[in-house]
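Inspection log for the structure reproduced underneath, given as structure tokens.
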Number of protein chains: 2
Amino acid sequence: MRVTLRDVARLSSVATKTVSRVVNNQGEISKATRQRVQAAIEQLGYRPNILARSLVSQRSDTLAVVASGLEYYGPSHTLVGIEQQSYDLGYSLLLSLLPRPDDTNVSPVLDAFVARRVEGVIWAVPEIGDNRAWIQSDLLDRLPPIVFLSMEPRPGLSVVAVDNQTGAVQATQHLLDQGRRKIGVITGPLAWWEARERYVGWQDTLLRAGMRVSPSLVVNGDWSAASGEQGMRKLLEQQPDIDAVFACNDQMALGALGIAHQSGRCIPRDLAIVGFDNIPESAYFWPPLTTVYQQLVDVGRIAVQVLHKLVEARRHSEDGVELAATVLKPELVIRASSLQTPRQV
Amino acid sequence: MRVTLRDVARLSSVATKTVSRVVNNQGEISKATRQRVQAAIEQLGYRPNILARSLVSQRSDTLAVVASGLEYYGPSHTLVGIEQQSYDLGYSLLLSLLPRPDDTNVSPVLDAFVARRVEGVIWAVPEIGDNRAWIQSDLLDRLPPIVFLSMEPRPGLSVVAVDNQTGAVQATQHLLDQGRRKIGVITGPLAWWEARERYVGWQDTLLRAGMRVSPSLVVNGDWSAASGEQGMRKLLEQQPDIDAVFACNDQMALGALGIAHQSGRCIPRDLAIVGFDNIPESAYFWPPLTTVYQQLVDVGRIAVQVLHKLVEARRHSEDGVELAATVLKPELVIRASSLQTPRQV
DNA sequence: TTGTAAGCGTTATCAC
DNA sequence: GTGATAACGCTTACAA
């Protein structure tokens with residue numbers, strides 16, 4: 001049943017090493033031998049066993065990715081980039097999902113990776129609360145190279161992230177440029193690093209413009225459209241003369257749009273709304289949503305490129321590879337939900 | 001640097017087999033020895049090498065999944081179910097993405113799986129055109145057990161799928177029940193099996209109700225919101241007295257909603273709209289969208305459960321395991337976009 | 001250009 | 001209870 005290199009060698013009357021050479025296209029082999037071997041491979045239906053090869057060559061050609069919230073727009077797009085680049089570089093990809101992104105018990109999944117001798121790890125779980133605490137532990141020393149996504153860059157770690165703060169600045173500045181003066185914000189859960197960055201971007205932009213940042217302009221959401229609805233209701237209550245809202249993702253913006261309509265406001269005339277993420281649906285909201293586009297597929301691709309360099313460096317036992325952060329700038333996508341000049345009071 | 005079983009054995013003055021027993025919790029071992037071994041493991045930072053284990057035990061405890069379109073709602077949710085169930089059953093999961101779902105050149109990715117000796121494969125690529133042609137080839141014989149998702153059930157294959165036709169029937173019947181009489185459809189790309197099923201469900205329901213199925217009630221979309229817009233425009237042109245539309249996914253329904261509004265129609269009074277998928281945003285469309293919910297996470301979980309049984313059967317070389325199809329029934333989620341009785345003409 | 005021997009890190013077999 | 005020894009399927013020296 002199981003066909004091995006030896007079987008092929010026997011059938012084609014050569015040494016196993018010769019078959020190995022044919023399979024891996026290495027060394028000089030006479031045409032006749034090669035053809036004979038290939039015929040035997042064909043005939044027996046031989047498939048090389050990469051596990052055995054890994055054992056002796058000390059390389060698994062496998063990367064692993066730990067992700068969370070794959071149901072959502074961001075993580076799934078990043079994963080696409082990770083997979084594509086891994087494939088392009090010849091790696092297999094092992095996938096592990098954390099059921100809860102704020103999970104702090106990460107050693108089981110990491111142990112499994114080490115046991116399988118993966119050559120590198122992409123940590124694609126958003127930074128929430130202290131779910132990065134394990135980085136301080138000695139766990140990290142026993143691990144292969146690892147690249148972190150969506151987290152605060154810090155020295156000694158390879159991080160690839162989008163500059164959320166700049167994105168929020170772009171969104172808020174755009175609203176200012178459109179003549180808006182009472183700009184509220186619906187934040188994400190502030191335990192999330194990304195949510196904090198977006199909030200700070202909003203805040204800084206207003207302060208730099210010499211405006212007051214009243215607490216009545218701030219409500220907290222949880223990324224869901226339901227929380228966007230709730231947040232919008234609260235904002236309209238706390239600050240009836242509000243003329244713009246920066247919702248920290250598109251789902252919350254969607255919820256906010258609905259409530260704004262229900263309150264009888266015309267968008268963007270009475271109230272401008274800007275989101276974050278540029279989910280495909282946002283171009284078809286009513287009105288189409290101005291939002292911040294992040295190149296999440298690129299984040300994934302770049303992460304694997306960085307990881308690949310770390311893996312290569314370790315293979316050649318180069319020391320002192322500088323671990324740096326790669327930060328991508330997002331882009332504002334301007335649509336109807338923010339475009340009209342506000343009505344003069 | 002590399003610590004092996006032998007190193008541990010040496011340090012704790014036992015045989016390698018004993019260490020192996022301790023690591024795998026098998027056989028009877030005296031408390032003293034176990035502790036001594038565990039201390040050595042701890043001290044050396046020993047991590048078992050699963051690759052080596054797989055080589056001798058002839059099992060990799062690894063499944064593989066081939067998916068496509070992970071950026072979209074359906075595939076990403078199914079993948080979540082697949083990963084969760086794989087983890088629960090103790091398998092590692094290898095992920096491969098097909099850049100184009102209609103790709104017909106699948107042997108590279110399958111070869112890679114065979115080379116890695118995965119014990120089973122989940123084929124989570126939608127059936128499009130003849131992208132199932134390879135199943136007829138001898139490729140299948142050399143493969144480990146494989147479970148197919150989202151495809152027409154056929155004898156000799158394990159398939160797990162949602163009953164798209166029934167979903168479409170539910171949607172269309174609901175519109176009939178609401179008193180609608182001119183019910184159009186915006187289909188998905190008809191090369192897709194799922195799109196055809198939904199189309200047939202719409203058609204059959206109308207025919208069974210004794211209604212005519214006019215070509216002017218049918219337009220073809222490509223799943224995108226843009227195609228939903230375009231389709232809606234065409235429908236309104238071809239059949240101005242249309243009073244309901246079944247859009248074959250929520251994105252197209254979103255596009256249709258926008259155009260319907262722009263045409264001055266009030267939804268649901270003048271025009272009822274129903275979608276398919278129940279993406280989270282659909283509950284916040286304007287108006288909230290009636291749609292068909294598929295338990296896609298369950299599809300993934302069940303697929304792995306089925307696969308697990310096949311793997312076990314092969315291990316014990318049980319023959320004649322019946323390969324059956326598992327079909328899940330979707331559920332209609334009724335919201336405002338279809339609820340109101342139409343205006344009496 | 002091709003072959004031989006050793007070994008990668010584990011588990012299975014069968015002794016003790 | 002524990003230990004020697006032979007696999008598992010492949011590649012890397014080194015030899016011919």
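What's counted below: heavy atoms across the whole structure, side chains too, no hydrogens, waters or symmetry copies. This is a predicted model, so every value here is computed, not measured. Protein chains get the first letters and strands the later ones, always in sequence-line order, with residue 1 at the start of each.
- For the side-chain contact (heavy atoms from CB on, under 4.5 Å) test, residues two or more places apart in sequence or in another chain that qualify with A:Leu323 are A:Ser158, A:Leu310.
- Side-chain contact annotation: A:Arg116 with A:Thr62, donor-acceptor N/O pair under 3.5 Å absent.
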Cut-off 3.5 Å, no hydrogens considered: what does the side-chain donor-acceptor table look like for residues 118-128 of chain A, sequence neighbours left out?
from, atom 1, to, atom 2, distance (Å)
A:Glu119, OE1, A:Arg315, NE, 3.4
A:Glu119, OE1, A:Arg315, NH2, 2.7
A:Glu119, OE2, A:Ser60, N, 3.1
A:Glu119, OE2, A:Asp61, N, 2.5
A:Glu119, OE2, A:Arg315, NH2, 3.0
A:Glu127, OE1, A:Glu152, N, 3.0
A:Glu127, OE2, A:Arg154, NH2, 2.6

Test side-chain contact (heavy atoms from CB on, under 4.5 Å) applied to B:Asn49 and B:Arg2, step by step: CA-CA 10 Å; B:Asn49 183 334; B:Arg2 270 156 22 208; over 6 Å; no
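- Residue order along DNA chain D, read from the 5' end via each residue's closest nucleotide, puts B:Ser13 first among A:Lys17 and B:Ser13.
- Distance CG (B:Asp61) to P (C:dT10): 15 Å, rounded to an integer number of Å.
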Which atom pairs link the protein and nucleotides 14-16 of chain C when you take only N or O atoms and keep those under 3.5 Å?
none

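- The interatomic distance linking A:Leu51 (CG) with D:dC10 (C1') rounds to 11 Å, in whole Å.
- By the 6.0 Å contact criterion, OH on A:Tyr87 is open, its count of non-hydrogen atoms from other residues, nucleotides or ligands being 12 or less.
- Interface residues of residues 29-44 of chain A facing DNA chain C, ordered by number: A:Ile29, A:Ser30, A:Thr33; criterion, heavy-atom separation under 4.0 Å.
- A:Leu5 CG to A:Leu44 CG: the interatomic distance, rounded to the nearest 0.5 Å, is 11.0 Å.
- With sequence neighbours excluded, no residue forms a side-chain contact (heavy atoms from CB on, under 4.5 Å) with A:Pro155.
- In this structure A:Arg117 satisfies the salt bridge (Lys or Arg N to Asp or Glu O under 4.0 Å) test with no other residue, sequence neighbours excluded.
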Write down the protein N/O and nucleotide N/O pairs, taken from nucleotides 6-9 of chain D, whose separation is under 3.5 Å; answer none if there are no such pairs.
from, atom 1, to, atom 2, distance (Å)
D:dC8, O3', B:Gln58, NE2, 3.1
D:dG9, OP1, A:Arg2, NE, 3.0
D:dG9, OP1, A:Arg2, NH2, 3.2
D:dG9, N2, A:Ala52, O, 3.4

Side-chain donor/acceptor pairs under 3.5 Å, residues 15-24 of chain A, sequence neighbours excluded:
from, atom 1, to, atom 2, distance (Å)
A:Asn24, OD1, A:Arg53, NH1, 3.3
A:Asn24, OD1, A:Arg53, NH2, 3.4
A:Asn24, ND2, A:Ser20, O, 3.0

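- Regarding contacts with the backbone of D:dG3, a side-chain N or O of B:Thr18 is found under 4.0 angstrom from either OP1 or OP2.
- Distance, B:Asp7 CG to C:dC8 P: 10 Å, rounded to whole Å.
- Each end of the helix from C:dT1-D:dA16 to C:dC16-D:dG1 gets its own rotation axis from five pairs of C1' atoms, and the angle between them is 30° to the nearest 10 degrees.
- Residues forming a salt bridge (Lys or Arg N to Asp or Glu O under 4.0 Å) with A:Asp298 (at least two apart in sequence, or on another chain): none.
- Nucleotide C:dG9 holds its P atom 15 Å from the CD1 atom of B:Ile50, rounded to whole Å.
- Residues that satisfy the salt bridge (Lys or Arg N to Asp or Glu O under 4.0 Å) test with B:Arg34, not counting sequence neighbours, are absent from this structure.
- Looking at residues two or more places apart in sequence or on another chain, you find a salt bridge (Lys or Arg N to Asp or Glu O under 4.0 Å) between B:Asp7 and B:Arg10.
- Between A:His308 and A:Tyr91, the ring planes lie perpendicular to each other; the angle is over 60°, past the 30° to 60° tilted range.
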